[in-house]
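In what follows, a structure is listed as structure tokens, so that the remarks can point back to it.
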Amino acid sequence: MTNMQLRHILSDSFFCRDTRIVARELLGKFLVRRIGKEEIALMITETEAYDGPHDKASHAHRGETPRNEVMFREAGFWYVYLVYGVYHMLNIVTGERGYPAAVLIRGAGEYDGPGKLTKALRINRQQNGKKARRSSGLWIEDRGVVIPKLGIQKAPRIGVAYAEEWAKKPYRFLLRAGE
DNA sequence: ACGATGATGAAC
DNA sequence: TTCATCATCGTA
């Protein structure tokens with residue numbers, strides 16, 4: 001038996017693809033957070049794609065601002081912001097430099113909901129603009145879990161009712177119950 | 001059904 | 001400087 005590579009940290013090339021593809025393929029990958037000497041690894045169960053300047057649900061829809069500047073960078077950066085004055089939202093930037101896109105990580109491990117996830121992993125704006133790599137204390141690994149296509153459900157995104165026709169697009173991806 | 005809670009961006 | 005808005009969640 002050859003020595004299979006069981007763990008592999010996702011690199012920029014994984015994220016530098018169509019945002020919807022990245023959102024779908026992140027299901028089953030592991031979000032890993034280092035806090036001191038402790039490492040917490042949680043399998044990603046739910047994501048949302050925010051795709052380009054025309055996406056009315058995206059922060060980038062009204063152009064570049066100090067807050068969304070990271071979304072315009074090349075793939076592989078964390079985009080973290082505070083919503084409703086309460087919860088931090090964790091996103092990974094995708095696609096080419098200059099094209100604003102990112103994937104929101106909505107659920108991982110036992111945590112359902114993006115605000116609960118960041119609270120549990122102590123993620124805040126200190127991570128904003130940092131790279132997803134071991135040295136930043138927050139990264140994503142492929143641990144060999146394979147999710148069959150039938151195990152993935154598509155649905156409209158949450159909390160974006162203002163986005164008109166973009167609110168109904170199936171840009172949310174989640175593991176079907178029982179997976 | 002609603003309030004918490006504060007940063008953000010646009011208007012003035 | 002003010003003001004409406006907000007990629008959520010816990011309590012009622």
Side-chain angles (χ1 to χ4, degrees), chain A residues 10 14-29 31 33 40 42-96 98-132 136 138-140 152-177:
Chain A
L10 298 186
F14 178 92
F15 303 110
C16 191
R17 295 181 292 159
D18 183 289
T19 312
R20 294 160 295 180
I21 300 294
V22 175
R24 194 182 72 212
E25 292 196 8
L26 277 175
L27 298 178
K29 301 298 188 295
L31 178 66
R33 172 73 164 133
I40 303 169
L42 303 172
M43 192 175 77
I44 296 171
T45 59
E46 185 176 351
T47 60
E48 281 178 0
Y50 288 83
D51 186 26
H54 36 274
D55 181 354
K56 290 180 182 170
S58 172
H59 289 167
H61 177 238
R62 294 176 184 276
E64 186 173 339
T65 67
R67 178 178 66 167
N68 66 25
E69 164 267 321
V70 179
M71 289 188 78
F72 289 76
R73 296 191 199 171
E74 59 269 35
F77 285 97
W78 293 116
Y79 171 46
V80 184
Y81 64 91
L82 186 69
V83 74
Y84 300 115
V86 181
Y87 299 101
H88 294 279
M89 300 288 104
L90 175 66
N91 302 253
I92 185 77
V93 173
T94 60
E96 302 285 340
Y99 183 83
V103 172
L104 169 67
I105 300 177
R106 289 192 58 89
E110 67 269 38
Y111 303 104
D112 62 329
K116 293 187 224 174
L117 177 65
T118 54
K119 184 179 179 187
L121 294 182
R122 296 193 217 167
I123 292 164
N124 52 48
R125 287 196 312 265
Q126 290 186 348
Q127 300 291 336
N128 187 49
K130 293 191 173 162
K131 268 294 182 71
S136 71
L138 185 64
W139 65 96
I140 302 176
I152 295 174
Q153 184 177 350
K154 287 200 272 186
R157 292 172 291 185
I158 301 293
V160 297
Y162 57 85
E164 301 171 26
E165 74 271 20
W166 288 82
K168 292 176 182 167
K169 289 185 182 289
Y171 281 12
R172 177 172 162 234
F173 302 85
L174 60 158
L175 297 182
R176 283 187 195 279

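We use all heavy atoms of the structure for the numbers below, so side chains are in, but hydrogens, waters and symmetry mates are not. Chain identifiers are assigned alphabetically (A, B, ...) following the order of the sequence lines, protein sequences preceding nucleic acid strands; residue numbering begins at 1 within each chain.
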- Under 4.0 Å from any heavy atom of chain A: name the first and the last nucleotide of DNA chain C that qualifies, 5' to 3'. C/dC6 to C/dG10
- Before accepting this row, confirm whether a basic side-chain N of the pair A/Glu165/A/Lys169 lies closer than 4.0 Å to the acidic partner's carboxylate O. no
- Examine the side chains of A/Tyr50 and A/Glu48 and answer whether a donor and an acceptor come within less than 3.5 Å of each other. yes
- Query: Do we see a donor-acceptor contact under 3.5 Å between the side chains of A/Tyr81 and A/Asn91?
  - Reply: no
Would you say [X] has more than 12 foreign heavy atoms packed within less than 6.0 Å of its [atom1]?
X        : atom1 : answer
A/Gln126 : CD    : no
A/Glu96  : CD    : no
A/Lys56  : NZ    : yes

- For A/Val86, report the nucleic acid contact type (base, sugar-phosphate, nothing); a contact means any heavy atom under 4.0 Å. base
- So, is the end of the A/Lys116 side chain (NZ or CZ) under 6.0 Å from the ring centre of A/Tyr111 and within 45° of the ring's axis? no
- Message: Is the positively charged end of A/Arg17 above the ring of A/Phe14, judged by distance under 6.0 angstrom from the centroid and angle within 45° of the axis?
- Response: yes
- Task: Starting from the C-alpha separation in whole Å, work towards a yes-or-no answer on ring-ring contact (aromatic ring centres under 6.0 Å, His included) for A/Trp166 and A/His61.
- Result: CA-CA 11 Å; A/Trp166 288 82; A/His61 177 238; 8.4 Å; no
- Message: So, applying salt bridge (charged side-chain N to carboxylate O under 4.0 Å, His left out) with A/Glu46, which one of A/Arg157, A/Arg176, A/Arg172 is it?
- Response: A/Arg172
- Which range-with-range stems can be found for DNA chain B when each stem has 3 or more Watson-Crick or G-U pairs in a row and both distances sit under 3.5 Å? B:1-4 with C:8-11, B:6-11 with C:1-6
- Reading nucleotides 7-12 of chain B from 5' to 3' and marking B where a protein heavy atom lies under 4.0 Å of the base, S where only the sugar-phosphate is that close, and - otherwise, the string is SSS---
